[in-house]
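Worksheet: the structure to be examined is printed underneath.
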Amino acid sequence: MIVEKFPDRIIEIDQKQYLYFGGTAYLGLPTNKKFQDLVVQNILKWGTTYGSSRTANIQLSAYTAGENFLIQHIGSEDAVTVSSGMLAGKLVLEKLKKQTDCFYHLNEIHSAIQIENSFPVFINEKLNERLLDPKSEKITILTDGVPSFQTKPVDLSFLKEISNQKEITLVVDESHSLGIMGKNGSGIYSSIDFPIKRKILVSSLGKAFGLTGGVIASDSEFIKEIKEIETFTSAAGMNPAFVQTLSDASEIYKIQHQKLKDNLSYIDSILIRNSNILFDKNYPLIYLLSNELVEKLKQEKIIIASFRYTKESEPLNRIVVTANHLKEDLDKLVNVLNDYNSRF
């Protein structure tokens with residue numbers, strides 16, 4: 001399906017209008033007039049792009065402003081922006097490969113933080129025995145902030161069970177939790193409190209925050225090391241107009257985050273629960289386990305997100321609620337879901 005303008009809450013296909021519950025613009029920012037005005041003002045100030053290295057002799061204050069906002073928002077010691085969430089993940093892995101004896105992954109993680117020869121944290125629902133042995137080694141655990149097909153933050157309580165002979169680094173991809181979960185959308189990074197050596201956040205900023213780019217957040221020493229990697233120093237940074245907008249839009253983020261929370265609370269108050277639907281009032285993704293329900297929604301002129309991460313995988317069907325959806329949009333959506341649920 002091809003559309004001719006940004007797919008917000010309404011899209012037009014073959015001259016017919018549909019309600020749209022897809023994409024990743026959770027805070028509804030790409031079409032927000034005040035947000036757009038800030039972006040335009042910053043483009044007029046900082047230009048459409050800046051192709052120089054972040055380590056060049058001329059430094060732009062936009063990066064200081066935007067990264068200081070992210071540090072405060074996330075609750076990290078330090079942070080650095082890059083041109084995409086994918087690059088953020090790959091930079092972190094590039095650095096950790098030289099500091100890690102063994103990698104482990106939790107669930108099916110996003111490709112941004114996938115690495116060869118990584119072991120699963122759990123095997124047959126039991127903690128990998130390698131994590132329990134007394135061998136002294138440096139390990140890195142890779143996880144998404146909210147796993148695919150889940151609506152709650154990842155359960156990290158298993159960290160307490162790992163042998164104390166393991167020096168643990170935890171990498172969390174928060175592309176779908178930063179801007180959404182936590183106070184004012186701070187994500188889950190600051191709430192991770194386990195006896196580990198280091199925690200690292202990587203995230204796209206093109207989802208909830210509405211700006212093309214990525215961020216790495218951690219302790220100051222690790223961020224310093226990231227800034228010394230040749231891949232970082234030889235690449236252009238995130239668009240400075242966008243980085244500046246991160247700081248300038250701080251109040252807009254709060255407003256839109258509250259709108260999103262209100263929409264989710266409203267759905268929670270009227271949705272009839274069913275095993276075919278995975279929903280949590282703190283998360284804007286509703287997973288549908290019934291392909292029949294996807295078709296029923298389309299018949300009612302409601303389009304949701306449906307795609308495959310790989311050629312072999314089953315379609316991922318999910319409803320995406322944003323801050324821009326109106327009460328009548330949510331009523332129509334939930335009426336279809338409840339009608340379907342009432343038959344089971």
Side-chain angles (χ1 to χ4, degrees), residues 24 46-71 73-74 76-106 109-118 138-145 167-176 178 187 189 197-207 209 211-246 309:
T24 58
W46 293 108
T48 57
T49 188
Y50 187 68
S52 181
S53 168
R54 287 289 306 273
T55 58
N57 58 323
I58 298 299
Q59 299 286 304
L60 308 187
S61 63
Y63 292 107
T64 302
E67 288 166 359
N68 281 342
F69 162 76
L70 289 169
I71 290 167
H73 189 77
I74 294 167
S76 61
E77 191 173 298
D78 205 352
V80 63
T81 54
V82 292
S83 58
S84 72
M86 181 66 76
L87 180 59
K90 296 307 181 187
L91 279 169
V92 166
L93 293 181
E94 181 179 341
K95 187 62 188 177
L96 291 179
K97 277 192 294 187
K98 300 174 182 178
Q99 304 175 346
T100 299
D101 297 318
C102 190
F103 284 91
Y104 293 86
H105 60 274
L106 194 64
I109 54 177
H110 192 276
S111 58
I113 54 171
Q114 288 179 6
I115 193 168
E116 292 182 356
N117 302 319
S118 174
K138 298 176 180 179
I139 67 170
T140 293
I141 295 174
L142 309 166
T143 183
D144 290 334
E167 185 179 274
I168 305 170
T169 293
L170 176 69
V171 178
V172 183
D173 185 335
E174 286 219 53
S175 295
H176 296 280
L178 184 60
Y189 177 91
K197 177 196 174 185
R198 167 174 282 157
K199 59 181 179 179
I200 302 166
L201 171 150
V202 300
S203 179
S204 166
L205 295 170
K207 309 294 194 287
F209 283 93
L211 298 162
T212 302
V215 60
I216 304 167
S218 188
D219 56 88
S220 296
E221 178 59 31
F222 185 75
I223 298 302
K224 179 176 178 290
E225 293 175 2
I226 288 292
K227 292 179 178 179
E228 293 171 348
I229 299 176
E230 184 178 350
T231 306
F232 177 84
T233 60
S234 61
M238 184 177 168
N239 186 319
F242 292 172
V243 181
Q244 180 70 56
T245 301
L246 285 168
Y309 268 121

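The figures here come from the full heavy-atom set of this structure, side chains too, leaving out hydrogens, waters and symmetry mates.
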Is there a donor-acceptor pair closer than 3.5 Å between any side-chain N or O of S220 and the backbone N or O of D78?
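Side chain of S220 to backbone of D78: no pair is present.
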Spell out, as yes or no, whether a donor-acceptor pair under 3.5 Å connects the side chain of Y63 to the backbone of V80.
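Absent.
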Cation over ring face, R198 and F222, 6.0 Å, 45°
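No.
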Just wondering, do [Y] and [X] contact through their side chains at under 4.5 Å, heavy atoms?
X	Y	result
V243	L60	no
I113	V92	no
M238	L211	yes

Which pair of non-hydrogen atoms, one from [X] and one from [Y], has the smallest distance, and what is that distance?
X	Y	result
Q114	I109	NE2-O, 2.8 Å
Y189	S76	CE2-CB, 3.6 Å
Y50	A236	O-CB, 3.9 Å
I216	I223	O-CD1, 3.6 Å
K227	T55	O-CG2, 4.3 Å
S175	S204	OG-N, 2.9 Å

Are E228 and K224 ion-paired here, with the side-chain N under 4.0 Å from a carboxylate O?
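Looking at E228 and K224, the cut-off is met.
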From CA spacing to verdict: side chain to side chain contact (heavy atoms under 4.5 Å, CB included), I229, K95:
CA-CA 8 Å; I229 299 176; K95 187 62 188 177; 3.7 Å; yes
How far does [atom1] of [X] sit from [atom2] of [Y], to the nearest 0.5 angstrom?
X	Y	atom1	atom2	answer
D101	K138	CG	NZ	7.0 Å
T64	Q244	OG1	CD	9.5 Å
F232	S83	CZ	OG	10.0 Å
I58	S52	CD1	OG	8.5 Å
K97	I115	NZ	CD1	5.5 Å
L93	K98	CG	NZ	13.0 Å

Could you walk me through whether R54 and T81 satisfy the side chain to side chain contact (heavy atoms under 4.5 Å, CB included) test, starting with their C-alpha distance in whole Å, then the side-chain angles of each, then the deciding distance to 0.1 Å, before giving a yes or no?
CA-CA 10 Å; R54 287 289 306 273; T81 54; 3.6 Å; yes
Which of these passes side-chain contact (heavy atoms from CB on, under 4.5 Å) with F103: T169, L142, I139, V171?
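Only one of T169, L142, I139, V171 forms a side-chain contact (heavy atoms from CB on, under 4.5 Å) with F103, namely L142.
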Output, in order, the C-alpha distance, side-chain angles, deciding distance and verdict of side chain to side chain contact (heavy atoms under 4.5 Å, CB included) for L178 and V215.
CA-CA 10 Å; L178 184 60; V215 60; 4.2 Å; yes
Could you walk me through whether T212 and N239 pass the side chain to side chain contact (heavy atoms under 4.5 Å, CB included) test, one step at a time?
CA-CA 8 Å; T212 302; N239 186 319; over 6 Å; no
Atom CD of residue position E221 - does it have more than 12 heavy atoms of other residues, nucleotides or ligands inside 6.0 Å?
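Atom CD in E221 is crowded, with more than 12 foreign heavy atoms closer than 6.0 Å.
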